[in-house]
Visitor: 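Take a look at the following structure, please.
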Amino acid sequence: MVSSPIHAIEQNATDCGHITPQWIDSSLNSPRKAAIWFILISVLLDVLSFGVLIPVLPRVIKEFTGQDESQAAMYVGLFGTVWAFMHFFCAPILGSLSDQYGRRRVLLISCFGLGIDYVLMALAPNLTWLFVGRIISGITAAGFGTAAAYIADVTVPEKRAAAFGLFGAAFGTGFVIGPALGGALGEFDIRLPFWVAAALTLTNAAYGYFILPESLALEHRKPFSWARANPIGSLRLLQSQSGLLGLAMVYFLYQLAHQVLNNVFVLYTGHRYAWTPITVGLALGLVGTLNIVVQGGLVRPALKRFGEQWLLFIGLFCGVAGYALYGLADQSWKFWAATPIFSLMAFFTPAIQGLMSRRLGPSVQGQLQGANGSLMGIAGMIGPGLFSGIYAYSVNPETPLSFPGMPFLVASGCLVIAIFIAGKTLHIKAA
């Protein structure tokens, strides 16, 4: 499943050791082909490492809270908020550092740090240590934006949406294997997925240390500045080009809606459908499989036929329908039936990344991804409290309104707003 993204992107190396940005046929040989292997496999393994924790992390929290459903939901929300705050603060710093020192150093430090953090969480004896682990995870996971900047470095602007689609397919592959693996491992030992995540991440970091070249040429580097690297400074970049701020608002609303999956999916499906960790893993695996089909196989032909703008709207409309159907599904089979529709939301990410990255030059691609990381962080700070709070309210038997699907309907509403903003932004741009 990894070979498709890898053979779609290729690179040549110059004498100074960086990668020449170009998109060439996969049949041509390149001495730096191992670098693309690393970036895509790095994304694959890092997402897989995250994925194996999805079915078990809320259950570890639930064990520490004495099996109280409502209290566990609030702690899941708190942990997610803190993770997002660290991501919000650190993503622009890492992005700006990669603009000055190159992508390689930042990527390797992030990978090693993430692997050590999984070990810490595997050994966590209580909620406090698990909480510390989530703080460190929020810092180290901010390196994902640098991986996206690496992809932007090695592709020409008109090919970036397709490249980001393949980048997203690597994400999807990780989510196919990760949750299913995590659910199966969790049946044997609730902490075993943490150890597997640590082993995968550290192995990948060690591999990258020996084979990963630098992608950012010296002439495209930009000195580090705290004025640009702090979260507020990085967000100012989004005002620098026409239409970029509107697209950033759309991206933020997408990330906010996505928080419903991160924070209530496991508890929701366990409460409403009595799903076990294995069932949760299989469901998330199905979502990941369909994500690969869309981003790895359908994005490029869809881009040729519809273009980036229409692909963005297709993704948003399918997200609106998918979230609404998830929230209204009072039986398990209805949830499964809605998944193919929901999966088409995967068109959104490569479209928005392509539209945003082509508006800026190579010297600030890291800063752009850092700013996007900050937007993700803001969404992550709001989303856990919002969706976990709504869910805790909706499942409390003492509340007047008991409807566990309510968080998914709110997520659907977020994307409706995003559609209106995108329509206005792209219409103004076209004018």
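Because only heavy atoms are used, hydrogens play no part in the values below, and waters and symmetry mates are left out as well, while side chains stay in. The model shown is predicted, which means the values in this text are computed figures rather than measured ones.
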Visitor: If the condition is ring-ring contact (aromatic ring centres under 6.0 Å, His included), which residues does Tyr251 pass it with, not counting sequence neighbours?
Guide: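 Once residues adjacent in sequence are excluded, Tyr251 has no partner under the ring-ring contact (aromatic ring centres under 6.0 Å, His included) criterion.
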
Visitor: Measuring only between side-chain heavy atoms, which start at C-beta, is Leu130 closer than 4.5 Å to Met121?
Guide: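 In contact.
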
Visitor: Tell me, with the steps shown, if Val82 and Arg134 meet side-chain contact (heavy atoms from CB on, under 4.5 Å).
Guide: CA-CA 7 Å; Val82 171; Arg134 295 306 287 167; 5.7 Å; no

Visitor: Out of curiosity, Gln255 CD to Ile378 CD1, how far, rounded to the nearest 0.5 Å?
Guide: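 Between atom CD of Gln255 and atom CD1 of Ile378 there are 11.5 Å.
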
Visitor: Indicate yes or no for a side-chain donor-acceptor contact from Asp117 to the backbone of Leu120 under 3.5 Å, with no hydrogens or angles considered.
Guide: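 Checking the backbone N and O of Leu120 against the side chain of Asp117, no donor-acceptor pair under 3.5 Å is found.
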
Visitor: Calculate, to the nearest 0.5 Å, the distance between atoms CZ and CG belonging to Arg105 and Leu107 respectively.
Guide: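 It comes to 12.5 Å.
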
Visitor: When you compare the side chain of Ile314 with that of Phe306, does any pair of heavy atoms fall below 4.5 Å?
Guide: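 Yes, close enough: below the 4.5 Å cut-off.
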
Visitor: Do Tyr391 and Val410 have side chains that approach each other closer than 4.5 Å (heavy atoms only, starting at C-beta)?
Guide: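 SC-SC contact between Tyr391 and Val410 ruled out.
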
Visitor: Do Val250 and Phe348 have side chains that approach each other closer than 4.5 Å (heavy atoms only, starting at C-beta)?
Guide: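 Yes, side chains in contact.
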
Visitor: Mind listing the closest non-hydrogen atom pair of Cys111 and Asn204 along with its distance?
Guide: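 Scanning both residues completely, I find the closest heavy atoms to be SG-ND2, 4.1 Å.
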
Visitor: Evaluate side-chain contact (heavy atoms from CB on, under 4.5 Å) for Phe347 paired with Leu312, printing each intermediate quantity in order.
Guide: CA-CA 6 Å; Phe347 281 131; Leu312 180 143; over 6 Å; no

Visitor: Could you tell me which non-hydrogen atom of Ala338 sits nearest to which non-hydrogen atom of Leu325, and how far apart they are?
Guide: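 Heavy-atom minimum between the residues: CB-CB, 3.6 Å.
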
Visitor: Taking the side chain as C-beta and beyond, is there a heavy-atom pair between Met249 and Ile421 under 4.5 Å?
Guide: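 When only atoms from C-beta onward are counted, Ile421 and Met249 do touch, with a gap below 4.5 Å.
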
Visitor: Write down the atom of Leu316, the atom of Ala422, and the distance for their closest heavy-atom approach.
Guide: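 Taking every non-hydrogen atom into account, CD1-CB, 4.4 Å.
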
Visitor: Distance-only, no hydrogens or angles: does the Ser343 side chain make a donor-acceptor pair with backbone N or O of Pro340 under 3.5 Å?
Guide: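 Side chain of Ser343 to backbone of Pro340: a pair is present.
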
Visitor: Do Ser412 side-chain atoms and Val320 backbone N/O form a donor-acceptor pair below 3.5 Å?
Guide: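 Yes, Ser412 side chain to Val320 backbone: donor-acceptor pair under 3.5 Å.
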
Visitor: At their closest point, which heavy atom of Val264 faces which heavy atom of Pro407, and how far apart are they?
Guide: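 Smallest heavy-atom distance, with atoms named: CG2-CB, 4.3 Å.
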
Visitor: Among residues at least two apart in sequence or on other chains, which ones pass ring-ring contact (aromatic ring centres under 6.0 Å, His included) with Tyr273?
Guide: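 Partners of Tyr273 under the ring-ring contact (aromatic ring centres under 6.0 Å, His included) test: Tyr268, Trp275, Phe335.
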
Visitor: Nearest 0.5 Å please: distance from the CD atom of Glu63 over to the CD1 atom of Ile190.
Guide: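 Result: 5.5 Å between the selected atoms.
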
Visitor: Looking only at atom types and distance, does a side-chain atom of Tyr118 sit under 3.5 Å from a main-chain N or O of Pro193, one as donor and one as acceptor?
Guide: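 Flag not set: sc Tyr118 to bb Pro193 has no pair under 3.5 Å.
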
Visitor: Where do Gly186 and Val56 come nearest, in terms of heavy atoms and distance?
Guide: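 It is CA-CG1, 3.9 Å.
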
Visitor: Please check this pair: side chain of Thr203 against backbone of Ala199, looking for a donor-acceptor N/O pair closer than 3.5 Å.
Guide: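 Yes: the side chain of Thr203 pairs with the backbone of Ala199.
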
Visitor: If we ignore hydrogens and angles and just use 3.5 Å, is the side chain of Arg191 paired with the main-chain N or O of Val60 as donor and acceptor?
Guide: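 No, because the side chain of Arg191 does not come within donor-acceptor range (under 3.5 Å) of the backbone of Val60.
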
Visitor: Is there a side-chain contact between Val119 and Leu123 in this structure, where contact means two heavy atoms from C-beta onward sitting under 4.5 Å apart?
Guide: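 Counting from C-beta outward, Val119 and Leu123 do come under 4.5 Å.
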
Visitor: Which atom pair, heavy atoms only, marks the closest approach of Phe387 to Ala411?
Guide: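 Looks like CE2-N, 3.9 Å.
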
Visitor: Looking at Trp336, I want to see if its CH2 is surrounded by more than 12 non-hydrogen atoms of other residues, nucleotides or ligands under 6.0 Å.
Guide: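 Result for CH2/Trp336: enclosed.
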
Visitor: For side-chain contact (heavy atoms from CB on, under 4.5 Å), just list the numbers for Met345 and Phe317, CA-CA rounded to whole Å, side-chain angles, deciding distance to a tenth of an Å, and then say yes or no.
Guide: CA-CA 8 Å; Met345 189 175 66; Phe317 275 112; over 6 Å; no

Visitor: Tell me if the CH2 atom of Trp195 is crowded by more than 12 foreign heavy atoms within 6.0 Å.
Guide: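 Yes, enclosed.
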
Visitor: So do the side chains of Ile136 and Ile116 get within less than 4.5 Å of each other, counting heavy atoms only?
Guide: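 No; the side chains remain at least 4.5 Å from each other.
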
Visitor: For the CG atom of Leu415 and the NE2 atom of His258, what is their distance to the nearest 0.5 Å?
Guide: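 Interatomic distance, Leu415 CG to His258 NE2, rounded to 0.5 Å: 11.0 Å.
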
Visitor: Using side-chain contact (heavy atoms from CB on, under 4.5 Å), reason through Phe265 and Val260 one step at a time and then give a plain yes or no.
Guide: CA-CA 7 Å; Phe265 180 84; Val260 73; over 6 Å; no

Visitor: I need the Ile93 CD1 to Ile139 CD1 distance, nearest 0.5 Å.
Guide: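 The CD1 atom of Ile139 is 9.5 Å from CD1 of Ile93, to the nearest 0.5 Å.
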
Visitor: Name all residues meeting the ring-ring contact (aromatic ring centres under 6.0 Å, His included) criterion together with Tyr323; count only those two or more places apart in sequence or in a different chain, and write none if there are none.
Guide: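 ring-ring contact (aromatic ring centres under 6.0 Å, His included) check on Tyr323 returns Phe342.
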
Visitor: Using modelled atom types only, decide if a donor and an acceptor are shared between the side chain of Thr349 and the backbone of Ala346 within a distance under 3.5 Å.
Guide: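 No: the side chain of Thr349 does not pair with the backbone of Ala346.
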
Visitor: Side chains of Leu127 and Ile61: closer than 4.5 Å at any heavy-atom pair?
Guide: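 Result yes, sub-4.5 Å side-chain heavy-atom pair found.
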
Visitor: CG/Leu344 to CG/Leu298 distance, rounded to the nearest 0.5 angstrom?
Guide: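 If I round to the nearest 0.5 Å, the distance is 8.0 Å.
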
